[in-house]
Each structure stands twice: as structure tokens, then as C-alpha cells.
Amino acid sequence: MLRLTLVRHAKSSWDDPESSDFERPLNARGQRDAPVMALRVSALRRLPDHMVSSPALRAISTARVFADRLGVADDDIVLERRIYDATRQSLIDVVRALPADSRHAILFGHNPGFSELSNWLATCPFDDMPTCAVASFELQAADWREVGAGCGRLARYLFPKDGES
């Protein structure tokens with residue numbers, strides 16, 4: 001069984017109107033939420049063997065916080081341009097291209113693609129993942145190339161305001 005965890009980037013700043021969408025950093029709330037959520041994920045004791053992030057600043061910043069908390073080197077985070085501004089189909093293509101030897105991959109990225117992918121994989125209690133939400137799926141697939149609609153079961157859904165952080 002494969003495990004796929006999707007982490008929507010933490011809350012980003014809109015303070016600099018000259019920054020492009022790609023360059024937006026985390027705001028104070030994002031900087032506070034990311035370590036808390038990373039700690040909650042680390043407590044699940046389901047460490048990833050592969051981490052992939054959108055290269056947008058807010059996503060890679062979130063990924064680095066999680067990597068630090070999970071004991072993964074920053075250099076081990078794979079940057080994948082297709083995750084930025086991705087459609088559901090682009091994200092499906094990214095998932096299906098994950099390394100065959102990976103059993104648990106964490107992707108860091110954006111909405112609406114992450115919410116759409118989540119609801120394609122499994123029945124979810126959300127339509128729209130909030131910032132820094134974590135959705136972890138157990139997939140009924142022996143290989144990433146076999147991942148299809150409805151093949152998942154939502155194993156965990158965590159978000160900053162769910163009362164546990």
C-alpha cells in the first residue's frame with residue numbers, strides 16, 4: 001500500500017504588492033502554523049521517503065519547516081515546477097511519476113489543485129483545503145503509475161484551526 005500526503009502551503013503574505021505570486025513569503029501566521037503542523041505530522045510516526053514541493057517561495061518554505069521537523073535534509077526535497085499553479089491532471093501526472101521505490105511521498109503545493117486531487121482520490125470532509133492543511137491518503141495501488149480515481153482512503157486530515165494545534 002502506498003501513502004500520499006498532501007500539504008497545502010502555510011499562509012502567505014500579501015504585504016508587498018510588487019512581489020509576484022511565485023515570490024510571496026509566509027506571513028506571521030504561516031510561520032507560526034507550519035512548525036505546529038509539522039510537529040503534528042511527526043507525531044504520526046509515518047515518515048516520508050520522498051518529499052516534493054512546488055518551487056514557489058511559500059510552498060518550499062513550508063516544505064523546509066516540515067523537513068526539519070521530520071529529520072529530512074533540505075537537499076532531499078525535490079522541486080517540481082508542475083506543482084505550481086497545477087490542475088488536478090498535472091498533479092495526477094506528478095504522482096504517477098513518483099519513484100517506484102517510494103512508499104510514502106509528501107507533496108507541498110497549492111489550491112485549488114490539491115483540494116481537487118484530494119477529492120478525486122477519496123471521499124473527503126472538505127471541498128477546499130485551508131492553508132497548512134495536511135491530507136494523508138492510503139492508496140490501493142501497488143505502484144504510483146496505478147493511482148486512479150477513488151483508489152484512496154483519507155487516513156488523516158489535519159489543519160491549523162481544527163482544535164488540536
Consider only side-chain N and O atoms of T131 and H9, and report whether a donor and an acceptor are under 3.5 Å apart.
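Distance-only check fails for T131 and H9.
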Decide whether S136 and R3 meet the rule of one side-chain donor and one side-chain acceptor closer than 3.5 Å.
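On atom types as modelled, these side chains qualify, holding a pair under 3.5 Å.
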Out of V7, L47, L4, which one pairs with I106 under the side-chain contact (heavy atoms from CB on, under 4.5 Å) rule?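 By the side-chain contact (heavy atoms from CB on, under 4.5 Å) criterion, I106 pairs with just one of V7, L47, L4: V7.
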Check your understanding: What residue among L70, D76, T5, L107 forms side-chain contact (heavy atoms from CB on, under 4.5 Å) with P48?
Key ->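 Running side-chain contact (heavy atoms from CB on, under 4.5 Å) over L70, D76, T5, L107 with P48 returns exactly one hit, L70.
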Any idea which heavy atoms bring [X] and [Y] closest together, and the distance?
X    : Y    : value
F126 : S118 : CZ-CB, 3.6 Å
S53  : I77  : CB-CG2, 3.9 Å
A59  : F108 : O-CB, 4.1 Å
R103 : A142 : NH1-O, 3.5 Å
G152 : A122 : O-CB, 3.3 Å
P160 : A133 : CD-N, 4.3 Å

inquiry  = Any carboxylate oxygen within less than 4.0 angstrom of a Lys/Arg side-chain nitrogen, looking at D162 and R40?
reply    =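 Yes.
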Is it true that a side-chain atom of [X] and a backbone atom of [Y] form a donor plus acceptor pair closer than 3.5 Å?
X    : Y    : answer
S115 : N111 : no
R24  : W14  : no
T62  : R58  : yes
D49  : H104 : yes
S54  : A56  : yes

query: When you look at N119 and D127, which way does the side-chain hydrogen bond (donor to acceptor under 3.5 Å, both in side chains) test go after all the steps?
result: CA-CA 7 Å; N119 284 285; D127 291 322; 5.1 Å; no
- prompt: Going through the checks in order, is the side chain to side chain contact (heavy atoms under 4.5 Å, CB included) test met by M129 and F159?
  reply: CA-CA 8 Å; M129 289 176 72; F159 57 98; over 6 Å; no
Would you sort out whether L139 and M1 count as a side chain to side chain contact (heavy atoms under 4.5 Å, CB included), showing the intermediate values? CA-CA 6 Å; L139 305 177; M1 183 176 302; 5.6 Å; no
*With side chain to side chain contact (heavy atoms under 4.5 Å, CB included) as the test, would you mind laying out the steps for W144 and L2 before giving the verdict?*
CA-CA 8 Å; W144 295 107; L2 301 175; 3.6 Å; yes
Quiz item: Does R145 CZ have over 12 foreign heavy atoms under 6.0 Å away?
Solution: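 For R145, atom CZ is not crowded (no more than 12 foreign heavy atoms under 6.0 Å).
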Counting only heavy atoms not in D16 (residues, nucleotides, ligands), do more than 12 fall under 6.0 Å from its CG?
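Enclosed: over 12 neighbouring heavy atoms sit under 6.0 Å from CG of D16.
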Q. What residues, two or more places apart in sequence or in another chain, satisfy ring-ring contact (aromatic ring centres under 6.0 Å, His included) together with F137?
A.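 Partners of F137 under the ring-ring contact (aromatic ring centres under 6.0 Å, His included) test: none.
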| query | Between S12 and N27, is a side chain to side chain contact (heavy atoms under 4.5 Å, CB included) present by the stated rule, with each step listed? | reply | CA-CA 5 Å; S12 62; N27 68 11; over 6 Å; no
ask   = Any side chain to side chain donor-acceptor pair (under 3.5 Å) pairs touching residues 77-92, not counting sequence neighbours?
value =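 Qualifying pairs: D21-Y84, E80-R82, T87-S90, Q89-D93.
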